[in-house]
Structures are given as C-alpha cells and as structure tokens.
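Predicted model, so just to flag it, every value in this text is computed and none were measured.
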Amino acid sequence: MSTFAQRLFPAALLSGLMAAAPVAAQTLDEKVNAIFASSTGWFVSLIFANFPGTTFPWIVAWLVIAATVFTLYFGFVQFRAFPHSISLVKGDYSDPDDAGEVSHFQALATALSGTVGLGNIAGVAVAVGIGGPGATFWMILAGLMGMASKFTECTLGVKYRNEYADGTVSGGPMYYMTKGFTERNLPGGKFLAIMFSIFCILGSLGGGNMFQANQAHAQITNVLGDYPGWITGIIFAAIVFAVIIGGLKSIASVTEKIVPLMGVIYVGTALVILLMNFQHIGAAFGQIFEGAFTGLGVAGGMVGALIQGFKRAAFSNEAGVGSAAIAHSAVRTKEPITEGYVSLLEPFIDTVVICTMTALVIIITGQLMTDPETGLLVLNEAGTIQTLGGNSGVELTSAAFSSAFSWFRYVLAIAVILFAFSTMISWSYYGLKAWTFLFGEGRTKEITYKIMFCIFIVIGAAANLGPVIDFSDAAIFAMAVVNVFALYFLMPLVKDEMHSYVARLRSGEIRKFV
C-alpha cells in the first residue's frame, strides 16, 4: 500500500474494502452468470447439441462433412499442393510490390497464433482421456481433411478482399459472402455477412479473449501463488494494446516471432521425451491404430474414439470457422489461390503435428492406466480412462511432460502464456475486421473496438464467467454454420481460380520471383 493511499483512506476502511472486494466480485460473477445462463443457455445448447441417441455434436459433423466435401471436390488438394505451399511460405513466388500488408509466412503465423493454444495442450488430453489412444488417429484424419476447408475459405478471403489507398486491406467471410453471392446472383449474402460479423465479435471478446486471459492467470498462479486476477489482466491488456494499436503489420511482426518460439518450446520438449522413450514409439502407434478401430475397451468403443478425435480436431484448428480467412486476406499477393495453398498448412501444423505430439507423450509416458491381465484401458466411475494421479485436461499433459522433466510445469506455464497472448492479438484482429464491416472503417471506430477488447481482457482474468465463455464458444462455432453454408455456394469460384493458376504455373507464366 502506498503512503499516499494510507493518507487518503484510514487503514481500517482500506482493510474493510479489501476484505469485501472478493465477496462483491463473487456476487457480481454469480449475477452475470445467472443472467447469461438464463438468457443464452438455449443458444449454447443448440450449437453444441448432440444427434439424438448419440454423444456426437452436430456442429462437429457439420465441419467434418464440409472438410470431406472440399477434399473430394478439389481432388485432395492438401496433398497435391503441399510442396508448392512450402515454396510459397519460403517466399519463392512473392513479389514485394503486390497489394497487401503481410508476407505469406506472416499471414500463416498470425492465423496459427489464433488456433494453436490450449486446445493443443488441454484439449488433446481430454480427447485421449475419454477416447483413448485411438482418438489420436481420428484427430489426425480430421486435421488432414480440414486442410481443404482452410484452402477454400482463405482463397475466397483474398479474392474478395477490399484494398484501400493507404495499403491496408479488409477481408474475410463477410466480404466473400456479400461480393461472391452478388457475383453468382445469389440472394442472402448480406444477411449471412452480418450474422457472421456479429458472431465473430462475440467470439473475439469471449473465447478469443476472456477465456485466454482467465487460463493464463490460472497457470501463472500455479507457479507464483495466488493473487488478484485483475493484476494479470491489466498487464496483459497493456501489452496487447501496445501490439494491436499498430494494426496487422504490428500483430504479424509479433506473431511471426512468437509462433516459432511456441513451436520450438513445446514441440522441442515433446521430441526430447519421445527420443528418451524411442523404444516405445512403435507400441504407441500400435495403440493408436488399434484403438481407432477397436476402442481398446474405451466406453463407446471405436465410435467413442472417433467422436473424441473429430471433436478435438474441429475445436483445435477451426477449419471451416472462417476466422483464419480474415488474417490470410491481408497477404501480399495478386493470386488468391496462393494463400489458399499456404493456409492448408495450418491444420497440418496445428493438429497433425502439435496435437499428435501431445497425444504421443501422454501415451508413451504411461499416463493411461491399463489392466495388466487384459491389456485393456481401465475406466473410472465417470466412464473416462483412469490416469496416474487421476489427472485430466491440462494437468494430464503437465504430468506427462513432468514425468521426464520435473521442471516442465514452468515451461508449460510459459507456453500457455504465449499461447494465450498470441491468441488474443490474433482474435483482436478478427473481431476488429468484423466490427469495421458492421460500423465502417475509420481510426476512431478501430480505437473504440481495441479499447473495448482490452477492457474485456481485465474482466476475463479477474472474473469467473462460465456461461459467458460458453456463449462465446457457441458464437465461434455459429460462425462455422454461416461460413460453411456460404462456402458450398462459392466453391466453384475457388475451383476456377485453382485451374487458372495451375495452368499458368505449368506453362511457365508464373515463375519464382528473384
């Protein structure tokens, strides 16, 4: 307490206020939770509802079916174009004079920073803890198919973006819904764009903001001990505001450094553990493949493993949600299809690489309990897999890594903080572009949104707003309902772009830029 504060307020009054603050905050939390739960619970239940008689959420099926359709429609483009995607990210075909704000690599890093996060750490542990090792196989498959969804939406994002005189651009689903539907003489594009923008703003303030700040504070207190969340919130808000005030170029310059750093810290540690247990890697993959088609005694068997794998992939890489198309739209290029190729790398890195590494470490370090006589996984009373120490979620991942390195909880805390920070700055951009689509471009309107976004960081770190976060998550996946619906009508335009580009590439008209 400062001397100034002691002079201004009597000590007894200050201590009384400090004692009452947690109670008041708790009461406020409870009131907000009650209001949100009663007024928005129907929306959350609708978005995450299961098919009758199953535990399979219809929204997951919506995304997986779309990914399958796009994979077949574009002739398995994610595999055929993979080498060219790498060349584009390296900058082999980049012309610095093209319109746009960021490079292919920066656009990819910005989009990745919005998806690589707690889903890769806690979400995978939940999937494996419920669906067993076999969930990993279905997670990988869904991630591979999701690459085609990203390819489709990000190509359209660049094709129909707005380019302004000052060099900035605005793009994303709301622009290809309006322009693309008009080009194809289809009705309803404007309505879809407005709905998408509303859901995007809500998602950016909750799941892309408050939830991240809340989880970052939880990890920090695990290491440093308990302290008020508003302190973490203010620190995060100040740093985030300093980054996002400079626009996408500032955001991209940060994410292109943070994303590789996150990858090195997390994947690097996982690789060391896998190398230390090299002799068990073959058996781990055996469990993954066997569990994918038999369930290995998991509740629900093969179907249970499939549901958990598909669910985690869909929630992790956001393929089909449309958020990444906003970031990729700002790339420097005159060929929309090139960013479609670059974006398909995103689910591969997020789900196929990082999520698989997490699952392998959990399996190889023996966190899942098995019956020594039958070799089947042991289930607890809740119907989930019994783990060493009874851990689940982020605690299970932490325990798996800490079994090799006792100090890993500190590394995990750093990773979660970086994940949370990068997710927030990326989602601030997504929400901003939805905001300016609804209310118009302009410095004042942008600053208004950015200040509001940072205020919600403090709220998220200090409060326990469960139903608010649930509603925000539902809003993010409501984006997918609107976006995928539009993609089905616009995918012929993407195929035309692809055929034109491939023909010019083969003829030599498109060459590497030297």
Side-chain angles (χ1 to χ4, degrees), residues 82 86 89 109 112 115-129 131-141 143-144 219 223 257-292 296 305 309 312-313 316-317 345-370 372 375 377 385 387-389 391-419:
F82 198 90
I86 301 296
V89 172
L112 268 173
T115 57
V116 175
L118 291 171
N120 304 83
I121 299 176
V124 174
V126 171
V128 175
T136 308
F137 174 87
W138 300 111
M139 182 177 65
I140 293 171
L141 180 61
L144 290 172
Q219 282 299 310
V223 176
K257 299 177 181 66
I258 288 183
V259 170
L261 178 61
M262 291 191 302
V264 169
I265 290 176
Y266 193 75
V267 176
T269 307
L271 279 173
V272 171
I273 294 175
L274 294 179
L275 290 174
M276 290 171 60
N277 297 272
F278 181 78
Q279 68 276 18
H280 301 302
I281 293 179
F285 275 109
Q287 291 182 55
I288 289 172
F289 284 108
E290 184 180 356
L296 279 177
R312 188 44 45 203
S316 178
N317 62 47
L345 296 174
E346 193 182 322
F348 181 82
I349 296 170
D350 175 278
T351 305
V352 179
V353 176
I354 299 180
C355 287
T356 301
M357 298 292 276
T358 301
L360 281 173
V361 170
I362 292 172
I363 296 168
I364 284 177
T365 56
Q367 299 299 310
L368 307 179
M369 303 289 288
T370 57
L377 294 163
I385 298 171
T387 62
L388 290 177
N391 296 307
S392 62
V394 69
E395 291 83 9
L396 177 58
T397 304
S398 180
F401 279 82
S402 298
S403 65
F405 304 109
S406 60
W407 43 262
F408 182 76
R409 69 189 186 103
Y410 301 107
V411 176
L412 185 64
I414 294 172
V416 168
I417 292 169
L418 289 176
F419 286 152

**Study point:** Qualifying residues under ring pair (Phe, Tyr, Trp, His ring centres under 6.0 Å), relative to Phe285, sequence neighbours excluded
**Key:** none
Revision key, fill the gap. Closest non-hydrogen atoms of Ile281 and Leu274, given as atom of the first, atom of the second and distance, are CD1-O, 3.7 Å
Under 3.5 Å, sequence neighbours excluded: what are the donor-acceptor pairs made by side chains of residues 352-366?
residue, atom, partner, partner atom, Å
Thr356, OG1, Val352, O, 2.6
Thr358, OG1, Asn120, O, 2.9
Thr358, OG1, Tyr266, OH, 2.8
Thr358, OG1, Ile354, O, 3.2
Thr365, OG1, Val361, O, 2.6
Thr365, OG1, Ile362, O, 3.4

**Study point:** Residue list, ring pair (Phe, Tyr, Trp, His ring centres under 6.0 Å) with Tyr410, at least two apart or on another chain
**Key:** none
Check your understanding: Between Leu345 and Ile86, does a side chain to side chain contact (heavy atoms under 4.5 Å, CB included) hold up when you go through it step by step?
Key -> CA-CA 8 Å; Leu345 296 174; Ile86 301 296; 4.0 Å; yes
Practice item. Locate the shortest heavy-atom distance separating Phe401 from Thr269; write the atom from each residue and the value. Key: CD2-CG2, 3.8 Å
Exercise for review: Identify the heavy atoms of Gly143 and Pro347 that sit nearest to each other, and give their distance.
Suggested key: O-CB, 3.5 Å
Point to revise | Residue list, side-chain hydrogen bond (donor to acceptor under 3.5 Å, both in side chains) with Thr397, at least two apart or on another chain | key: none
